[in-house]
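Here is the naming used below: chain letters follow the sequence lines, and residue numbers restart at 1 for every chain. It should be emphasised that the depicted structure is a prediction, and the values quoted were computed from it without experimental measurement.
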There are 2 protein chains.
Amino acid sequence: MTQMTTVDAVMRTLADPTRRAVFERIVSSDEITVVDLTRGSGVTQGAISQHLKSLKQAGLVAERPEGRNVFYRAEPKGLAPLVDWMGDYAVFWRERFANLRTLLKEIDP
Amino acid sequence: MTQMTTVDAVMRTLADPTRRAVFERIVSSDEITVVDLTRGSGVTQGAISQHLKSLKQAGLVAERPEGRNVFYRAEPKGLAPLVDWMGDYAVFWRERFANLRTLLKEIDP
DNA sequence: CTAATGCATTAGTCAACGCTAATTTATCGA
DNA sequence: TCGATAAATTAGCGTTGACTAATGCATTAG
């Protein structure tokens, strides 16, 4: 129920190619500002800010203001609902999912 | 690149709550007809057929016509691009973040 | 044969969405 | 202090997308 809403938010947020590209770029970077994200994005700064707002509301990114800059970073927990959803509903591709779980387990210190 | 298009298709297809519910129901069933899917879906039969078309084009379901019925079933490989996409970013996290305990706890309780 | 059932498709409607341009607020440098 | 930069926000616009209602096309039942 509550979780389904979360899955819905994550799915909807990552469905847009531009917004997903922004997210991927944030993940690839350690921390990145809005101007840097705007560079080479193909859209205006305002659009980027809107996408960041969506990503933040979905719990996929977090922000750290510093002076007049705002640094964004990826929020690892944000994708958890997506993993859970796949665990619940995808019955047949257990092998691949098991591999992902194994990979994530290896990271566990 | 080619795969990114696939991820895009899967994400976009599963983003809609109604269509995702249809997919979930197909996964839960072994095989299921359009009328059965329409039952309790809250939308018309035409809408269901449209969603099924999207799901089929995204490679998430397959069909088996039998008489005037058409049985739909889940396509195992359909979610693979999504799993792979997440796997890629799990690797990124592995390199960049030391602590993923929270995520792991949610995934594997 | 005729009526009914299962499904796909189409046109049309309405709301949601992504984008731009412009404005606003806040902060930094000269 | 003043101009420039960073970021968020808003209104407005065009597009996409989900839905209904209606139609068409098979197939089955009576």
Side-chain angles (χ1 to χ4, degrees), chain A residues 4-26 29-75, chain B residues 4-26 29-75:
Chain A
M4 185 172 179
T5 313
T6 311
V7 172
D8 195 73
V10 173
M11 286 269 194
R12 194 193 310 275
T13 303
L14 292 176
D16 179 65
T18 307
R19 188 161 48 233
R20 191 171 62 254
V22 169
F23 175 70
E24 292 173 356
R25 202 161 162 194
I26 294 177
S29 316
D30 187 30
E31 276 189 335
I32 187 170
T33 63
V34 180
V35 262
D36 285 343
L37 282 172
T38 305
R39 262 184 113 82
S41 68
V43 294
T44 62
Q45 175 265 318
I48 295 294
S49 277
Q50 291 173 5
H51 285 309
L52 289 171
K53 186 176 182 179
S54 300
L55 289 168
K56 197 176 76 174
Q57 286 177 345
L60 290 165
V61 300
E63 57 184 356
R64 182 180 64 85
E66 181 180 301
R68 57 182 169 179
N69 299 315
V70 176
F71 291 88
Y72 281 86
R73 63 177 182 278
E75 198 70 50
Chain B
M4 184 173 175
T5 313
T6 312
V7 172
D8 193 73
V10 174
M11 286 268 195
R12 189 149 27 92
T13 303
L14 292 176
D16 179 66
T18 306
R19 188 162 47 233
R20 192 171 61 253
V22 169
F23 175 71
E24 291 172 357
R25 203 158 161 196
I26 295 178
S29 317
D30 188 30
E31 278 189 334
I32 186 171
T33 63
V34 180
V35 261
D36 286 343
L37 282 172
T38 305
R39 269 181 103 90
S41 68
V43 294
T44 62
Q45 174 265 317
I48 295 294
S49 277
Q50 290 172 6
H51 285 310
L52 289 171
K53 186 177 182 180
S54 299
L55 289 168
K56 196 176 76 174
Q57 286 176 345
L60 290 165
V61 300
E63 58 184 355
R64 182 179 64 85
E66 181 180 301
R68 57 181 170 181
N69 299 317
V70 177
F71 291 88
Y72 281 85
R73 64 176 183 278
E75 196 68 47

Enquirer: Locate the shortest heavy-atom distance separating Gln45(B) from Val34(B); write the atom from each residue and the value.
Expert: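 That would be CG-CG1, 4.1 Å.
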Enquirer: What's the separation between atom CG in Asp16(B) and atom CG in Leu55(B), rounded to the nearest 0.5 Å?
Expert: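 Spacing of CG (Asp16(B)) from CG (Leu55(B)) equals 9.5 Å.
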Enquirer: Is the closest side-chain heavy-atom distance between Ser41(B) and Val22(B) below 4.5 Å?
Expert: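 Ser41(B) vs Val22(B): side chains apart.
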Enquirer: Do Ser54(B) and Gln50(B) have side-chain atoms, one donor and one acceptor, less than 3.5 Å apart?
Expert: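 Ser54(B) vs Gln50(B): no donor-acceptor pair found between side chains.
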Enquirer: Please report, rounded to the nearest Å, how far the P atom of dA18(D) is from the CG atom of Leu52(B).
Expert: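 About 13 Å, once rounded to whole Å.
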Enquirer: Over how many whole Å does the gap from Asp36(A) atom CG to dT5(D) atom C1' extend?
Expert: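 Nearest whole value for this atom pair: 13 Å.
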Enquirer: Does the side chain of Leu60(B) come within less than 4.5 Å of Leu14(B)'s, by heavy atoms?
Expert: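 Yes. Closest side-chain heavy atoms under 4.5 Å.
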Enquirer: In whole angstrom, give the distance that lies between atom CZ of Phe71(B) and atom C1' of dA8(C).
Expert: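 Distance, rounded to whole Å: 17 Å.
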Enquirer: Using whole Å, what does the distance between atom C1' of nucleotide dG6(C) and atom CD of Glu31(B) come to?
Expert: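 To the nearest whole Å, that distance equals 16 Å.
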Enquirer: Can you name the closest pair of heavy atoms from Ala15(A) and Asp8(B) and give their distance?
Expert: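 Heavy-atom minimum between the residues: O-OD1, 4.0 Å.
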Enquirer: Report the distance from atom CG of Asp16(A) to atom C1' of dT15(D), rounded to the nearest whole Å.
Expert: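 So the CG-C1' distance, Asp16(A) to dT15(D), works out to 13 Å.
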Enquirer: Minimum heavy-atom separation for Arg25(A) to Leu37(A), with atom names?
Expert: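 Scanning both residues completely, I find the closest heavy atoms to be NH1-O, 3.2 Å.
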Enquirer: Of all of residues 42-51 of chain B, which get a heavy atom below 4.0 angstrom from DNA chain D, listed by number?
Expert: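 Contacts with DNA chain D under 4.0 Å: Gly42(B), Val43(B), Thr44(B), Ala47(B), Gln50(B), His51(B).
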Enquirer: Between the axis at one end of the helix from dC1(C)-dG30(D) to dA30(C)-dT1(D) and the axis at the other (five pairs apiece), what's the angle to 10 degrees?
Expert: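 The angle separating the two end axes equals 10°.
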Enquirer: Using a heavy-atom distance cut-off of less than 4.0 Å, which residues of residues 54-69 of chain B contact DNA chain D?
Expert: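 Here the set is Gly67(B), Arg68(B).
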Enquirer: Can you give me the closest heavy-atom contact between Ala58(B) and Ala9(B), atom names plus distance?
Expert: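 What the structure gives for the nearest pair is CB-O, 4.3 Å.
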Enquirer: Please report the distance, rounded to the nearest Å, between CE in Met11(B) and C1' in dC17(C).
Expert: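 After rounding, the reported distance stands at 18 Å.
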Enquirer: Over all heavy atoms of both residues, which pair between Arg19(A) and Thr13(A) is shortest? Give the atoms and the distance, please.
Expert: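 Looking at all heavy atoms of both residues, the shortest contact is NE-O, 2.7 Å.
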Enquirer: Would you call Val7(B) and Arg20(A) a side-chain contact if the rule is heavy atoms closer than 4.5 Å?
Expert: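 Heavy-atom side-chain distance check passes, below 4.5 Å.
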Enquirer: Provide, to the nearest angstrom, the distance between the CD1 atom belonging to Ile32(A) and the C1' atom belonging to dA6(D).
Expert: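 Ile32(A) atom CD1 is separated from dA6(D) atom C1' by 14 Å.
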Enquirer: Check whether any side-chain N or O of Tyr72(A) sits under 4.0 Å from OP1 or OP2 of dA8(D), and answer yes or no.
Expert: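 For dA8(D), OP1 or OP2 has a side-chain N or O of Tyr72(A) closer than 4.0 Å.
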Enquirer: Restricting to non-hydrogen atoms, name the atom on Glu63(B) and the atom on Arg73(B) that form the minimum distance, rounded to 0.1 Å.
Expert: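 So the two residues come closest at O-NH1, 4.0 Å.
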